[in-house]
Amino acid sequence: MARRLVKEILRNPQEHIGEKVHLSGWIRTLRSSKHFGFIELNDGSFFKNIQIVFEEKLSNFEEITRLPIATSLEIEGTVVESPGSKQPVEIQAEKITVVGLSDHDYPLQKKRHSFEFLRTIAHLRPRTNTFNAVFRTRSVLAHAIHTFFQERDFVYVHTPIITGSDCEGAGEMFHVTTFDLNNPASIPRTESGETDFRQDFFSRETNLTVSGQLEVETYCMAFRKVYTFGPTFRAENSNTPRHAAEFWMIEPEIAFADLQDNMDLAEEMMKFIIQYTIDRLPEEMEFFNQWIDKGLLDRLHNIVSSTFERITYTEAIELLKKAKQTFEYPVEWGRDLQTEHERYLTEKVFQKPVFVSDYPKDIKAFYMRLNDDEKTVAAMDLLFPGVGEIIGGSQREERYDYLENRIKEMGLNVDDYWWYLQLRKYGTVPHAGYGLGFARAMMYITGMENIRDVIPFPRTPRNAEF
RNA sequence: UCCGGAGUAGCUCAAUGGUAGAGCGGGUGGCUGUUAACCACUAGGUUGGGGGUUCGAGUCCCUCCUCCGGAGCCA
């Protein structure tokens with residue numbers, strides 16, 4: 001008798017007919033009548049369930065008919081052709097052993113639940129069809145990212161999660177401290193009354209990282225092509241379906257490269273990871289297409305075969321000014337594009353992904369390379385229909401004097417960036433990189449509309465239960 | 001954080017200011033091929049918290065909390 005996974009049987013059902021098998025898994029649903037019954041068993045290996053037929057002749061038949069959903073079982077039986085039309089084969093059970101009984105108050109029913117409710121039981125929701133598909137996809141998509149970069153000789157760099165001071169300057173950060181906040185009187189103070197971080201664990205103020213970019217640039221100057229893939233944190237009070245306080249980000253960085261090379265890489269990567277996922281998870285993608293987002297597969301196929309549009313910020317402003325529709329926020333050169341503007345460009349004008357590049361320097365970060373016009377920087381955002389900004393990147397300022405000036409212009413402290421500036425002193429090269437929000441890519445590929453539903457245990461304001 | 005909507009049984013939702021209900025889920029029984037199985041019976045409620053108006057509040061008013069959506073911040 002062979003131990004089998006449901007995936008092995010259901011991927012090649014004909015090859016297993018007549019085979020004696022030993023299965024184990026959980027009851028997804030159970031239906032019984034007086035003399036026989038059906039169990040849909042999920043063993044974790046496959047999105048789909050296998051049907052178990054059990055009959056009166058089993059010694060524990062009565063017990064089995066009353067088993068609650070989620071009960072775990074060991075099953076011995078024979079693979080047979082199924083008379084029913086919904087499955088090619090089923091298991092004729094010869095022995096069913098209860099491994100772990102479930103309780104009758106198991107909260108998941110054999111019907112649709114709202115995503116809101118399922119978020120309150122994040123420890124159980126991976127057992128539902130939707131979240132089973134989502135989180136298997138998440139695993140495969142993560143692997144797709146690594147495959148893409150590893151096949152192209154990128155070096156994977158683990159940048160730190162705890163970071164010194166707020167050098168990165170990208171939004172609110174979570175403090176990291178060993179001071180006892182329950183006992184404020186015990187927290188050391190300087191003579192001027194401020195918290196004395198010199199006496200804290202790291203002898204300085206530390207935070208959770210908002211980006212690994214600055215650190216990964218240092219490795220870029222050694223390995224030429226590098227990427228990070230890890231968690232980042234934002235303490236913003238953002239209450240939207242597209243923001244989380246903890247999320248994973250992919251940040252490639254390439255040396256001897258400019259903004260066009262950067263966009264080429266981003267476009268190639270997006271197409272690769274989409275195709276990779278579609279190829280490996282046909283059942284899950286079909287499920288998303290049918291139940292989550294009807295046009296999903298068409299749209300994804302379209303992305304893979306299309307050429308992403310590339311326009312400059314200045315061209316985008318002209319397009320928006322010519323638009324027939326009115327916008328809530330004014331369109332004016334020098335102001336940042338609003339969500340409504342980005343959506344208009346990617347959903348109405350081009351109806352496909354759009355790179356917008358060369359933004360005014362005053363609305364972008366200090367490290368972005370100043371263009372020859374001295375008014376714009378070599379920045380780019382990739383806008384996707386439906387999810388908006390999915391990638392933000394730039395060519396980095398590789399010229400020491402320019403970078404130093406920009407740091408000062410932005411009111412930042414040059415001393416804080418001593419090691420970052422030294423990269424421009426010791427053999428500087430043009431280089432570029434970008435950040436891809438992993439969860440946002442997940443949303444786009446699965447059709448899920450809320451970031452809280454593509455992160456196993458999402459952290460958002462007021463929510464860190466699990 | 002701002003704007004809007006919502007909060008009633010385990011879940012999804014009804015209920016003109018006048019006796020709180022249904023479907024699903026749970027329990028019990030029935031049923032010889034089911035597919036969110038079906039049929040019958042049954043248990044289940046501090047209507048988010050607090051305050052107010054009223055003879056009477058799930059319903060009207062105030063306030064707080066939480067969730068959802070839009071916006072901002074961004075990835």
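Letters go in sequence order (proteins before strands), and every chain restarts at 1.
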Using the 3.5 Å cut-off, write out each protein N or O paired with an N or O of nucleotides 23-29 of chain B and the distance between them.
residue, atom, partner, partner atom, Å
B:G23, N2, A:K111, NZ, 3.0
B:C24, O2', A:Q109, OE1, 3.4
B:G25, O4', A:Q109, OE1, 3.3
B:G26, O3', A:H104, ND1, 3.1
B:G27, OP1, A:H104, ND1, 2.1
B:G27, OP1, A:H104, NE2, 2.9

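Separation of atoms CE (A:M443) and CD1 (A:I455) is listed at 9.0 Å; rounding is to 0.5 Å.
Backbone-only contact: A:R452 has heavy atoms under 4.0 Å from sugar-phosphate atoms and none from a base. Contacts of A:T29 with the nucleic acid, taken as non-hydrogen atoms under 4.0 Å apart, involve only primed sugar atoms and P, OP1 or OP2. Within 4.0 Å of A:R112, counting heavy atoms only, lies at least one base atom of the nucleic acid. A:F117 comes within 4.0 angstrom of the backbone, heavy atoms only, and of no base. Nucleic acid contact for A:Q51: base, since at least one base atom lies under 4.0 Å from a heavy atom of the residue. A:A441 comes within 4.0 angstrom of no nucleic acid atom, judged by non-hydrogen atoms across all strands. Within the 4.0 angstrom heavy-atom criterion, base atoms lie near A:E90. A:H35 comes within contact range of at least one nucleobase, with a heavy-atom separation under 4.0 Å. Here A:N450 lies in heavy-atom contact (under 4.0 Å) with sugar-phosphate atoms only. At the heavy-atom level, A:T240 lies under 4.0 Å from base atoms of the strands shown. If you check every strand for non-hydrogen atoms under 4.0 Å, A:I39 touches nothing.
The nearest whole Å value for the distance from the CD1 atom in A:I121 to the C1' atom in B:U12 is 14 Å. The separation between A:F38 atom CZ and B:C31 atom C1' is 13 Å, rounded to whole Å. As a whole-Å value, the separation of A:E340 CD from B:C3 P is 19 Å. Rounded to whole angstrom, the span from the CD atom of A:E465 across to the P atom of B:C67 amounts to 12 Å. Between the CZ atom of A:R242 and the C1' atom of B:G69 there is a distance of 13 Å, rounded to whole Å. Going from atom CG of A:L383 over to atom C1' of B:C74 covers 13 Å, rounded to whole Å. Taking atom CD of residue A:E328 and atom C1' of nucleotide B:C2, one finds them 11 Å apart after rounding to whole Å. Computed from coordinates, the A:I363 CD1 to B:C73 P distance equals 10 Å when rounded to whole Å.
In this pair, A:F287 and A:W291 present their aromatic rings tilted. The plane angle is within the 30 to 60° band. The aromatic rings of A:Y156 and A:Y227 lie parallel to each other, with less than 30° between the two planes, well short of the 60° mark. Taking the six-membered ring where tryptophan is involved, the planes of A:F61 and A:F54 are tilted, since the angle between them lies from 30° to 60°. A tilted orientation is assigned to the rings of A:H143 and A:Y276, their planes being inclined by 30° to 60°. Relative ring orientation between A:F131 and A:F115 is described as perpendicular, the plane-to-plane angle rising above 60° on a 0-90° scale split at 30° and 60°.
Interface remark: the A:S238 side chain does not form any donor-acceptor pair with the B:C74 base, using a distance-only criterion of under 3.5 Å. One cannot find a donor-acceptor pair under 3.5 Å joining the base of B:C11 and the side-chain atoms of A:H113. Contact of A:E116 with B:U12 (side chain to base): no donor-acceptor pair of N or O atoms is detected under 3.5 Å. Counting distance only, with no hydrogens placed and no angle test, the side-chain atoms of A:E55 and the base atoms of B:U32 include no donor-acceptor pair under 3.5 Å.
Separation of the C1' atoms belonging to B:A37 and B:G30 is 14 Å when rounded to the nearest angstrom. When the P atom is compared between B:U47 and B:C11, the two are found 15 Å apart, to the nearest whole Å. Look at the C1' atom in both B:A20 and B:C13: the space between them is 14 Å, to the nearest Å. Separation of the C1' atoms belonging to B:C41 and B:U59 is 34 Å when rounded to the nearest angstrom. Nucleotides B:G4 and B:U19 have their C1' atoms positioned 36 Å apart, rounded to a whole Å. Between the C1' atoms of B:G21 and B:A14, the separation comes to 7 Å (whole Å). One P atom belongs to B:C2, the other to B:U8, and the distance between them is 25 Å to the nearest Å. The same atom, P, is picked in B:G17 and in B:A36; the two are 40 Å apart, to the nearest Å.
A distance-only check finds a donor-acceptor pair linking the side chain of A:D258 to the backbone of A:D261 [under 3.5 Å].
Distances shown here put every side-chain N or O of A:R440 at or beyond 4.0 Å from the OP1 or OP2 atom of B:C74. Between B:C31 and A:K34, a contact under 4.0 Å exists linking OP1 or OP2 to a side-chain N or O. Of the side-chain N and O atoms in A:R31, one or more sit less than 4.0 angstrom from OP1 or OP2 of B:A37. One finds a side-chain N or O of A:R462 lying less than 4.0 angstrom from the OP1 or OP2 phosphate oxygen of B:C67. Listed pair A:N463 / B:U66 fails the phosphate criterion, with no side-chain N or O lying under 4.0 Å from OP1 or OP2. At least one side-chain nitrogen or oxygen of A:T339 sits closer than 4.0 Å to the OP1 or OP2 atom of B:G72.
Summarising the base pairing, B:A71 is matched to B:U1 through a Watson-Crick or G-U wobble pair whose two defining distances lie under 3.5 Å. Across all strands shown, B:C41 pairs with B:G27; the Watson-Crick or G-U wobble distances both stay below 3.5 Å.
At a threshold of 4.0 Å, the pair A:K20-A:E94 counts as salt-bridged, since one of the basic side-chain nitrogens sits closer than that to a carboxylate oxygen.
For the pair A:F438 and B:A75, the ring geometry does not qualify as stacking, because the centroid separation below 5.5 Å and plane angle under 30° are not jointly satisfied.
Mapped onto RNA chain B by nearest heavy atom, A:E40 and A:P107 fall at different nucleotides, with A:P107 at the one closer to the 5' end. Nearer to the 5' terminus of RNA chain B, by closest-nucleotide assignment, is the contact made by A:G84 (compared with the other of A:Q338 and A:G84).
In this structure, of B:A36, B:A75, B:U1, it is B:A36 that holds the atom nearest to the side chain of A:K86.
Smallest separation of non-hydrogen atoms from A:L337 and A:Y359: CD1-OH, 4.1 Å.
For an aromatic pair to be called close, the ring centres must be under 6.0 Å apart, and A:H146 with A:F229 satisfies this.
The residue from A:T147, A:I278, A:I145 that alone fulfils the side-chain contact (heavy atoms from CB on, under 4.5 Å) condition with A:I273 is A:I145.
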